[in-house]
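We're numbering straight along the sequence, starting at 1.
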Amino acid sequence: MDVSLDGTVVLVTGGVRGVGAGISRKFLEAGAAVVACARRPPEHAVEYGGRTVHFESCDIRDATAVRDLTARIVAEYGSLDTVVNNAGGSPFAAAAEASAKFHAKIVELNLLAPLLVSQAANEIMQKQPNGGSIVMVSSVSGGRPSPGTAAYGAAKAGLDNLAASLAVEWAPKVRINSIVVGLVETELSDLHYGGPDGLGRVANTIPMLRMARPEDVGNAAVFLASPLASYISGTTLTVHGGGERPAFLAAAAGPVPAAVAPSTTDNTNREN
């Protein structure tokens with residue numbers, strides 16, 4: 001069954017690079033008009049089938065800038081039907097050594113900023129005949145230990161709870177769900193995993209023997225925004241290829257079969 005979002009308007013935060021670009025491209029493919037915001041413009045426009053994502057510069061941590069952005073979208077396109085809160089990420093930092101300011105900024109970007117964007121979107125969607133849909137892009141780091149990115153994992157756990165709470169507060173006009181994303185192969189993955197050999201070893205830890213691709217996350221976001229998910233709200237959709245193979249299995253049985261290394265280049269370090 002094909003999903004059509006013709007005539008709808010979508011905002012994807014951080015929607016011009018990595019996972020965000022994959023999400024934006026999938027919404028274009030589904031027929032939606034797509035606006036992507038980030039602090040920096042993309043080097044290359046995100047396109048599909050001759051249609052292009054419209055870029056807006058915005059610091060989503062700034063409540064005034066966010067409200068100005070959503071107002072511009074409605075003025076230009078007439079509605080705001082879906083918001084995908086994708087922007088986020090964190091560099092690696094030992095929790096004991098990182099400053100209070102560092103931790104605060106990570107929580108601000110990954111939890112408080114999506115709340116600001118969602119508040120601005122909800123104000124618009126509540127007045128629309130068909131309401132709207134908000135999708136949070138979360139992480140498996142929110143549900144398991146996240147050493148080196150502890151504040152990020154804590155913020156993502158909070159994001160999942162935020163989605164569930166807002167789904168109750170803002171129903172029935174606005175649906176809110178989270179996509180819990182595992183490891184993703186992006187243009188930056190080579191930097192984090194040591195090239196194709198490292199990527200292959202990481203892929204071995206995933207039952208599907210590969211990382212997610214940005215379009216895998218995009219497909220999930222399109223589904224949650226579509227009429228097919230009209231009765232789905234306040235829940236999480238996990239996109240992680242079956243999770244992570246428990247370490248004790250490898251320790252007990254020896255090396256697992258080698259996977260084919262991913263063809264290109266994680267979700268953890270993506271940025272607005």
ask   = Does Glu43 come within less than 4.0 Å of Arg17, counting only side-chain N to carboxylate O?
value = no
key: Asp216 with Lys26: basic N within carboxylate O range, under 4.0 Å   = no
Which heavy atom of [X] sits nearest a heavy atom of [Y], and at what distance?
X: Ile60; Y: Cys37; answer: CG2-SG, 3.8 Å
X: Thr149; Y: Phe92; answer: CG2-CA, 4.3 Å
X: Gly14; Y: Asn86; answer: O-ND2, 3.1 Å
X: His103; Y: Ala151; answer: ND1-CB, 3.6 Å
X: Ala36; Y: Ser24; answer: CB-OG, 4.1 Å
X: Leu28; Y: Val46; answer: CD1-O, 3.9 Å

If you round to the nearest 0.5 Å, how far is [atom2] of [Y] from [atom1] of [X]?
X: Glu108; Y: Leu115; atom1: CD; atom2: CG; answer: 11.5 Å
X: Asp62; Y: Leu69; atom1: CG; atom2: CG; answer: 11.0 Å
X: Asn161; Y: Thr236; atom1: CG; atom2: OG1; answer: 11.5 Å
X: Leu224; Y: Ile176; atom1: CG; atom2: CD1; answer: 12.0 Å
X: Thr70; Y: Asn122; atom1: OG1; atom2: CG; answer: 11.0 Å
X: Ile73; Y: Asp68; atom1: CD1; atom2: CG; answer: 11.0 Å

State, with a plain yes or no, whether a side-chain heavy atom of [X] is found less than 4.5 Å away from one of [Y].
X: Asn110; Y: Leu159; result: no
X: Val135; Y: Asn85; result: no
X: Met211; Y: Tyr193; result: yes
X: Val53; Y: Phe27; result: no
X: Ser118; Y: Leu166; result: yes
X: Pro41; Y: Val16; result: no
X: Gln128; Y: Asp81; result: yes

Any sub-3.5 Å donor-acceptor pair from [X]'s side-chain atoms to [Y]'s backbone N or O?
X: Arg67; Y: Val117; answer: no
X: Arg245; Y: Asn204; answer: yes
X: Ser141; Y: Tyr152; answer: no
X: Lys173; Y: Gln126; answer: yes
X: Arg175; Y: Ile232; answer: yes
X: Ser139; Y: Gly142; answer: no
X: Thr82; Y: Val10; answer: no
X: Lys156; Y: Val137; answer: yes
X: Arg51; Y: Ala32; answer: yes
X: Thr13; Y: Ala87; answer: yes

task = Let me see the working for Phe102 and Ser90 under side chain to side chain contact (heavy atoms under 4.5 Å, CB included), right down to the final yes or no.
result = CA-CA 10 Å; Phe102 173 86; Ser90 175; 4.2 Å; yes
ILVMFWY network linking Val83 to Leu116, side-chain heavy atoms under 4.5 angstrom = no
ask   = Which salt bridge (Lys or Arg N to Asp or Glu O under 4.0 Å) pairs, counting each pair once, include a residue from residues 157-171, with sequence neighbours left out?
value = none
Residue of the set Val239, Val180, Val181 for which side-chain contact (heavy atoms from CB on, under 4.5 Å) holds with Val140 = Val180
remark   = Only one of Asn177, Leu162, Ile179 passes side-chain contact (heavy atoms from CB on, under 4.5 Å) with Met136, and that residue is Leu162
note = Residues at least two apart in sequence or cross-chain that pass side chain to side chain donor-acceptor pair (under 3.5 Å) with Arg72, listed by chain then number, are Glu56
key: Asn130 atom CG: more than 12 heavy-atom contacts under 6.0 Å   = no
request  = Check step by step if side chain to side chain contact (heavy atoms under 4.5 Å, CB included) holds for Met208 and His240.
outcome  = CA-CA 9 Å; Met208 292 294 289; His240 64 359; over 6 Å; no
message = Applying side chain to side chain contact (heavy atoms under 4.5 Å, CB included) to Ser226 and Leu5, what does each step give before you reach the verdict?
response = CA-CA 7 Å; Ser226 77; Leu5 295 177; 4.2 Å; yes
task = For side chain to side chain contact (heavy atoms under 4.5 Å, CB included), just list the numbers for Val35 and Tyr77, CA-CA rounded to whole Å, side-chain angles, deciding distance to a tenth of an Å, and then say yes or no.
result = CA-CA 10 Å; Val35 178; Tyr77 296 94; 3.6 Å; yes
